[in-house]
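Structure first, commentary second.
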Number of protein chains: 4
Amino acid sequence: MSDQMELWLQEQLKFYDEDEKKTEKQLRILSAAIEVFAEKGYAASSTSEIAQKAAVAEGTIFRHYKTKKELLLSIVAPMMTKLLAPFVLRDFTKVLDADYASYEQFLRAVIVNRIEFVKKHLPVVKILLQEIPFHPELKEQFLDAVAGQVLGRLTPIIEKFQANGQIVPIPSKTALRLTGSAILGFLAMRYMLLPHLEWEDEQEIEHTIQFILYGLSTSERPG
Amino acid sequence: MSDQMELWLQEQLKFYDEDEKKTEKQLRILSAAIEVFAEKGYAASSTSEIAQKAAVAEGTIFRHYKTKKELLLSIVAPMMTKLLAPFVLRDFTKVLDADYASYEQFLRAVIVNRIEFVKKHLPVVKILLQEIPFHPELKEQFLDAVAGQVLGRLTPIIEKFQANGQIVPIPSKTALRLTGSAILGFLAMRYMLLPHLEWEDEQEIEHTIQFILYGLSTSERPG
Amino acid sequence: MSDQMELWLQEQLKFYDEDEKKTEKQLRILSAAIEVFAEKGYAASSTSEIAQKAAVAEGTIFRHYKTKKELLLSIVAPMMTKLLAPFVLRDFTKVLDADYASYEQFLRAVIVNRIEFVKKHLPVVKILLQEIPFHPELKEQFLDAVAGQVLGRLTPIIEKFQANGQIVPIPSKTALRLTGSAILGFLAMRYMLLPHLEWEDEQEIEHTIQFILYGLSTSERPG
Amino acid sequence: MSDQMELWLQEQLKFYDEDEKKTEKQLRILSAAIEVFAEKGYAASSTSEIAQKAAVAEGTIFRHYKTKKELLLSIVAPMMTKLLAPFVLRDFTKVLDADYASYEQFLRAVIVNRIEFVKKHLPVVKILLQEIPFHPELKEQFLDAVAGQVLGRLTPIIEKFQANGQIVPIPSKTALRLTGSAILGFLAMRYMLLPHLEWEDEQEIEHTIQFILYGLSTSERPG
DNA sequence: CATGAATGAGCCTTCATTCAT
DNA sequence: AATGAATGAAGGCTCATTCAT
């Protein structure tokens, strides 16, 4: 099963690596910008600090990105796609339909994969989450992507498991919200709020998965 | 039971209202600042816009708050106390210990109350959440308050319910994280990300509570 | 006759002096801006130089004028009104109709008065002329003012003198163009191109007036 | 008579075409620079816009012209020569002396020819007029050329016609100023200020010539 | 107390110019 | 010869903060 996950990943990567080739300087700028934006937030970051950290003249930034905002978007927008990419793949539904016998298998596959992804791209995800409240276009893009693609793919899956009695018959959006909250909550605490603590990652993830599964399960409920 | 909740609230209010008396101008400044900070974020807000919205001269703000940052803190710091207040009350444990026979009762009482509170103070909560990543002191204050007080109060309660078999024997911090995620996740979607949608609040809250309860319940677990 | 001219001037001044009261700093800024704009042109002038010359912080300029362009316009726009003011006065036509028996008397009165005015406000007039080509709004404003007001007033006068045979029957616009060219040409050479030369002002003005008069006269023309 | 004019033109062209051979790219740069300078003025034009409009790399401009200013001068300086060329031709005086019986013939020949020339090179003339106030060297070059050459040639001609009674005995410089103003005034209005209006060119030019002739004529003057 | 004019550091951005390719 | 990425000085403008009134 995880083989197939690997396949997805492979496909995903095709999306990202085909970005136009960046010069080394451009990469340094992006990297510095990610660092600074993540730490101070977009509004409190100065292009001069970014330039300095990238060991580049300030003007060089503006040769590659017309405005500071464009720099932000060039960092954050692709992340949106990438973050949601697996749910957008065309035959995602088919694959799952065929293969995943239980919600647990499905959940486990997706969650582990996405957590891994976020871990890898943490600073950019941080920026994305931190800036969404201040940039209506970002928020809109994000909601559009989620509403237009993710919901479309996941709803039938949820409903299938509701139909065969594995998941409680609550609105699928609610089920997704609860699932997402648990995952994002873990990531936020683990990597943003308390990254310095020692974490038993595997255990925490396992507990989180169990929490979701039981939280949505139809196992007899105490009256 | 909610009578007792009311008592808490009463006690809470004592904390806030006894703040030094604010002039009307000062209140207008606070209100304007909350509005602007919530919408644009601290860094992108200008004191002049706040002054304008408060119908006050620019200098007046600095008569009451030495710096822009102090203005932020004067808004956000009390909120931290208030937000966590019920968990900090001295005889919270005793009260609960005596009264709450089930985790559900406890959960329901706390959640409903806190959601109500957040709803009422939404803009300030927004600011708090949005600014925590950018202000180490804020983050520290927040964690200190949570770690030093909330955990201290809630851990015994969780453990009591674990001891009597109502909650799965996972680390209490994990249980709290999962509970908190579900609640914050609801609030974030309901009031920050998708406030314009029509929400069936009661249902959603009920589903959320059930989700937490089942997620942490010890009802026989598959495999 | 020149008494009446004086009256006009009086009326004109009412227009300008009633401008909102300017602080001393604001006057210094205006004066410095006029100096710098006139010398280097708007585009090549820097607000920092203006600030320095006005002995004012750069920010102070922007407290009084939102943008550099607004500063330019606040200098140039009133000048447009002032420059054309006498031709815009309501009973200009009536007055003349009654009083001026010859085109010469009319010409002499207007020219002398306007030359005096330009001499007094030379730098601003310089700026106006220099910037009109680069600012479509300025050009438009100028043409509107001329077309809408000046032409309206002067055309009947020209036509009256054409009717009684003092001026050749060419299109009134042409007559005005030729008259204006001679005057502006004098001013441009006298004050902008060759201000350092020694000029016999009275003689030159006299020659210019004669040139216009004879240029437009109906004295027998060689076949 | 216009045959002789043609001869002058022929001679003029020798001056210009013998310029060092320009590559096609260089011509594109010049053409683009003329376009941009004329529209926005030198100071507000950017070399990058010129490069873009010339479909040339930014660096290419600086390979041919050491600085932006040199580019300006390379456009404007030759124009100065060309504009005044006919008056600078060596045997100009002799030719005229022999041929032109009346000031009118002379005027007509020169004016028509120069207007034609300006019409053809309008953008460069615009640049010249617009930039002279801001570049002392330009102003100086211009005045030197006029004073040193044009005045030298034209003064004797004016004086000859004054001696034989065709022109009023005013200072020759004044006569030239008045003549020039009328011509430049026409050109400025026709091609710079109101180019979009419909103009009866022939009539206007004829009126302008008549205006100059009568303005300077010695026909009996009203006491 | 309140005001708002004044400040000047700092921000984002533009631009003429250079230089390695 | 031509390119265009890189530069860094300079520009217009904003803003938190101060202070005389």
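Bear in mind the structure is a predicted one, so any value in this text is a computation, not a measurement. Order of the sequence lines fixes the chain letters, A, B, ..., with proteins taken first and strands second; residue numbering starts at 1 for each chain. Both backbone and side-chain heavy atoms feed into the values below; hydrogens, waters and symmetry mates do not.
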Check your understanding: For D:R28 and F:dT3, what is the distance between atoms CZ and C1' respectively, to the nearest whole Å?
Key -> 13 Å
Practice item. Have a look at B:F134 and tell me which of A:K40, A:Q130, A:E39 forms a side-chain contact (heavy atoms from CB on, under 4.5 Å) with it. Key: A:Q130
Exercise for review: Give a yes/no answer on whether the side chain of D:S46 brings an N or O atom under 4.0 Å of OP1 or OP2 in E:dT14.
Suggested key: no
Point to revise | Residue-level proximity of residues 63-73 of chain B to DNA chain F when a heavy atom falls under 4.0 Å | key: B:T67, B:K68
Practice item. Start with the C-alpha gap between C:E58 and C:S48, add the side-chain angles, then the distance that decides, and say whether side-chain hydrogen bond (donor to acceptor under 3.5 Å, both in side chains) holds. Key: CA-CA 6 Å; C:E58 204 170 345; C:S48 89; 4.9 Å; no
Check your understanding: Is it the case that more than 12 heavy atoms not belonging to B:Q52 sit under 6.0 Å from its CD atom?
Key -> no
Exercise for review: Could you check how far CD of A:E24 sits from P of E:dA20, rounded to whole Å?
Suggested key: 17 Å
Point to revise | Residues that B:K139 engages under salt bridge (Lys or Arg N to Asp or Glu O under 4.0 Å), provided they are two or more places apart | key: none
Check your understanding: What residues in residues 49-61 of chain C put a non-hydrogen atom under 4.0 Å from any atom of DNA chain E?
Key -> C:V56, C:A57, C:G59, C:T60
Point to revise | First of C:S45 and D:T23 reached from the 5' end of DNA chain F, by closest nucleotide | key: D:T23
Point to revise | Protein-nucleotide distance (B:F62, atom CZ; F:dC15, atom P), rounded to Å | key: 12 Å
Check your understanding: Over how many whole Å does the gap from B:K40 atom NZ to F:dA16 atom P extend?
Key -> 11 Å
Review point. What pairs with C:E35 under salt bridge (Lys or Arg N to Asp or Glu O under 4.0 Å), at least two apart in sequence or on another chain?
Key: C:K53
Point to revise | Watson-Crick and G-U pairing of DNA chain F, under 3.5 Å, as dot-bracket with | and [ ] | key: .||||||||||||||||||||
Check your understanding: When the distance from OH of B:Y42 to P of F:dC15 is rounded to whole Å, what number comes out?
Key -> 13 Å
Check your understanding: Hey, what do you get for CG (B:L72) to OG1 (B:T67), rounding to the nearest 0.5 Å?
Key -> 9.0 Å
Exercise for review: Not counting sequence neighbours, which residues clear ring pair (Phe, Tyr, Trp, His ring centres under 6.0 Å) with C:F37? List them please.
Suggested key: C:Y42
Check your understanding: For D:S45, does its backbone N or O pair with a side-chain atom of D:K68 as donor and acceptor, under 3.5 Å?
Key -> yes
Exercise for review: Please report the C-alpha distance between D:K69 and D:H135 in whole Å, then the side-chain angles of each, then the deciding distance to 0.1 Å, and finally whether the side-chain hydrogen bond (donor to acceptor under 3.5 Å, both in side chains) criterion is met.
Suggested key: CA-CA 10 Å; D:K69 183 132 196 189; D:H135 305 270; 3.0 Å; yes
Check your understanding: With no hydrogens and no angle check, is any side-chain donor or acceptor of D:R28 less than 3.5 Å from a backbone partner on D:A55?
Key -> yes
Check your understanding: Quick check: does any side chain N or O of D:S31 sit under 3.5 Å from a backbone N or O of D:L27, one acting as donor and the other as acceptor?
Key -> no
